[in-house]
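First up is the structure itself, then whatever we jot down about it.
In this text, all values refer to a predicted model and were calculated from it rather than measured experimentally.
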Amino acid sequence: MSSISRLALIIKEDVNREESFIINLYSNLLNAWFKLVIWFGIPFLLYLLITWL
């Protein structure tokens, strides 16, 4: 149980810092997911538009 509280304390201290590892990681993952959606989503929408017409 103490290891969970220690982990929660480490995460809390990391998130409160300006150069937080967790927030930077989350930001990078979100940015990569957005790029994937754009790169694969727009051609797919164009494909749907072409096949629908």
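Note that CG of L9 is 12.0 Å distant from OG of S2, once rounded to the nearest 0.5 Å.
Judged as a side chain to side chain contact (heavy atoms under 4.5 Å, CB included), and not counting sequence neighbours, the contacts of I42 are I38, L46. Looking at residues two or more places apart in sequence or on another chain, you find a side-chain hydrogen bond (donor to acceptor under 3.5 Å, both in side chains) between S20 and D14.
The list of side-chain hydrogen bond (donor to acceptor under 3.5 Å, both in side chains) pairs with a residue in residues 23-47, not counting sequence neighbours, is empty.
Residues I22 and L7 share a single hydrophobic cluster, defined by chaining ILVMFWY side chains whose heavy atoms lie under 4.5 Å apart.
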